[in-house]
Participant: 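Here it is: the structure, laid out below.
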Amino acid sequence: MTPPTTKPLPRHATTGAFIGLLSVGLFLAVAQFVALWTGRSSAPVLAIGQRFVDHYTPPWLADFAKKQFGTNDKAVLIVGIFVVIALIAAAVGVLAMRHPEFGTAGIVALAAIAGFTAQGLPDAGRAASLPAIAGAVAALIAFRGLLRAAKPRPLRLTLDAFAAGQRPGKPALETVGSNDRRRFLVASGSAAAAAVVAGAVGASGSRRGAAAAASRDGAGLATVTPSATAAPGAAVTATAQLTVPGLPPFFTPNKDFYRIDTALSVPEIDANTWSLRIHGMVDKELTLSYADLRAMPAVEHDVTLCCVSNPVGGPLISNARWTGVLLTDVLAMAGVHQDATQLFSTSADGWTSGSPTSVVLDGRAAMLAYGMNGEPLPIPHGFPMRLVVPGLYGYVSATKWLTDIELTTMDRQGYWVPRGWSQLGPVKTESRIDVPNSRNPAVAGLSPIAGVAWSQHKGIAKVEVSIDEGPWLEARLAGEDVTDTWRQWVYDGWRATQGAHRIRVRATDKTGYVQTATVADVVPDGATGYHEISVNVG
Ligand SMILES: Nc1nc2c(c(=O)[nH]1)N[C@H]1C(S)=C(S)[C@@H](COP(=O)(O)O)O[C@H]1N2
Ligand SMILES: [Mo]
C-alpha cells in the first residue's frame with residue numbers, strides 16, 4: 001500500500017499552481033486597490049510595464065510592436081506582463097508545495113520589484129511603494145493559509161486506531177476526504193472573492209484621477225477676444241471644409257483625435273496644484289501656476305498635429321483649434337539667452353522633447369495650450385497644459401502634461417533621440433487619399449477622389465492625383481484656414497469605369513517643393529512616398 005501522505009504529483013502540482021496564481025492574484029488586486037490613493041501608475045503591472053517601456057525596450061522591439069500592434073501595443077504589453085507573472089506564480093506555487101520558503105521568497109521578490117519600480121517612476125508620489133507592500137502582506141497571508149488548507153490534517157488518534165497500527169502525522173487515506181476539500185474550497189474561495197472585490201474597486205478610478213477630472217471640469221475656457229485671436233476664425237474655416245461624403249471633418253473631434261504617448265496610465269494632474277518651471281539659460285527663472293497662465297492674454301490657433309511614426313496614408317494626424325498663451329509671451333518674461341539653442345521640455349511622467357529655439361521663437365504660433373476645440377485639454381491629450389508647435393512632429397515639440405521647460409543647447413537629447421529618431425523633426429510635405437473608401441466606394445461614372453494634404457507652416461499650393469499611372473491631374477483645394485493646418489482637396493473629374501483602378505496623390509507646398517516619390521520608412525524622421533490606393537468599381 002502506498003503511504004497516504006504522498007499524493008500523486010499531478011494533483012499536488014495543480015494545487016500548487018492554483019495556490020500560486022491565487023496568491024499573486026490577490027497581491028495584484030490588493031495593490032490595485034491601494035493605488036486608489038497612491039495613483040494608478042503605482043499599481044504593480046502598470047509600474048513594471050512603464051519601466052519596461054522607458055528603459056528596456058530596444059528601438060527594434062518598439063518598432064516591431066508599433067508595426068505589429070499599432071496603438072494596441074500598450075494593451076499587448078500589459079497582457080504580456082500578466083501572462084509572465086502568472087506563469088512564474090504557477091511555477092513557484094508548484095515548488096512551494098514541498099518548499100514553502102519558495103513561495104514566501106517569490107512574493108517578497110515580486111513586492112520588491114514592483115515597489116522599487118513604482119517608487120522610481122518620474123511621477124511617483126511618496127507612497128508609491130505602498131501598493132506593493134500591502135499586496136505582499138495580503139498575498140503572504142493567503143499563501144500560508146491556502147498551503148495549510150491544502151495539507152491534510154493530522155489524524156487525531158484514538159487508542160483503537162493506534163492499536164490498529166496508525167501513527168501520528170500519517171493520516172489514513174479516508175481522512176484526506178471531504179472535510180479537507182471543503183476547508184480548501186472555503187479558503188481559496190475567500191481569497192478569490194477578496195481579490196475580485198479589491199481588484200474591481202481598485203480598477204474603478206483613483207483619487208488623483210477624480211481630482212484631475214474635477215479641476216478640469218472647473219477650468220472652463222477663456223473667451224478669446226477677436227484682436228488676440230491668431231486664427232482667422234469661423235468665416236474662413238467654413239470654406240476649409242469640403243462636402244464630400246467620407247472625408248474626415250476639418251476639425252477632428254477630440255474623441256477621434258489620434259493619441260500617441262509612452263504613458264501606460266495617463267498622468268492625472270490637479271490643475272490647482274500643477275506648476276510649470278522655466279529655467280536654464282534665462283535671465284530669470286520662473287514658476288508659473290495654472291492660474292498665472294490663464295490670466296495671461298489668450299490666443300486661439302488652428303494647428304494640425306501629426307506623428308513622425310505615421311506611415312504614408314496613415315491615421316496619426318488630426319487637426320484642432322487650440323487655446324492657450326503664446327510661448328514667446330511666456331519666454332519674454334524669463335528672458336532667453338542668445339546662446340540657448342534648444343527648448344527642452346519635460347512632462348509629469350518624465351517624457352522629454354527638444355525643439356530648436358530657432359524654430360519655436362521665429363514668430364510662428366508656438367503655444368502653451370490649455371484648450372482644445374473649445375474645451376479644456378482632455379486628460380489623454382495633456383491636461384492641464386501642453387506644448388503645440390506648428391510645423392514640428394509631435395515627438396520633438398508637443399509635450400503633454402508639461403511641467404518643465406529648460407532653455408539649453410542641442411547637447412541634450414529628448415526621449416526618442418537616443419532611441420534612433422532624428423533630433424530635428426520638421427513635418428514633411430505629405431498627402432493622403434480618404435475617398436473612395438470601404439464605406440464610400442467608387443461608383444461607375446463621376447466619382448469623387450478626395451483627401452487631405454499638409455505642410456504645416458509652409459502651406460499647401462497644389463495637390464495632384466494620378467489614375468492608373470496616368471498624367472498628374474490637378475485637384476481642387478478647399479479654402480486655406482492657416483498654413484499650419486492640413487488642407488482638404490477633391491478631384492471631381494474622374495469618370496470611373498468598371499474594374500480595378502489605382503490612384504496616387506502628391507502635394508506641392510508653397511515653397512515650390514513637390515512631395516517626393518522616394519519611399520522612406522518612418523524611422524528616423526518621417527515616412528515619404530506617395531499614398532496609393534486600389535479601388536474596384538463594381
Ligand atoms: N508626455 C508626453 N507627451 C507627448 C508624448 C509622450 O509620449 N509623452 N508623445 C508625443 C508624440 S510622439 C506625439 S505625436 C504627440 C501626440 O499628441 P496627441 O496624443 O495629443 O495626439 O504627443 C507628444 N507628446
Ligand atoms: Mo509622435
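Read the numbers this way: they start at 1 and go in the same order the structure lists the ligands and their atoms. For the single chain, residues carry numbers from 1 onward in sequence order.
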Participant: Count the heavy atoms of every other residue, nucleotide or ligand shown that sit under 6.0 Å from CZ of F116, and state whether that count exceeds 12.
Facilitator: no
Participant: When rounded to the nearest 0.5 angstrom, what is the spacing between NZ in K74 and CZ in F69?
Facilitator: 15.0 Å
Participant: Are F250 and W454 close enough that their ring centers fall under 6.0 Å?
Facilitator: no
Participant: Taking NZ, NE, NH1 and NH2 as the nitrogens, is one of them in E480 or K510 under 4.0 Å from a carboxylate oxygen of the other?
Facilitator: yes
Participant: So do L293 and V330 actually touch side chain to side chain, heavy atoms under 4.5 Å?
Facilitator: yes
Participant: Charged N to carboxylate O under 4.0 angstrom, D484 versus R364?
Facilitator: no
Participant: In order of chain and number, which residues sit within 4.0 Å of ligand 1 by heavy atom?
Facilitator: F257, Y258, R259, I260, D261, T262, L305, C307, S347, D349, W351, H381, R386, G394, Y395, A398, T399, K400, W401
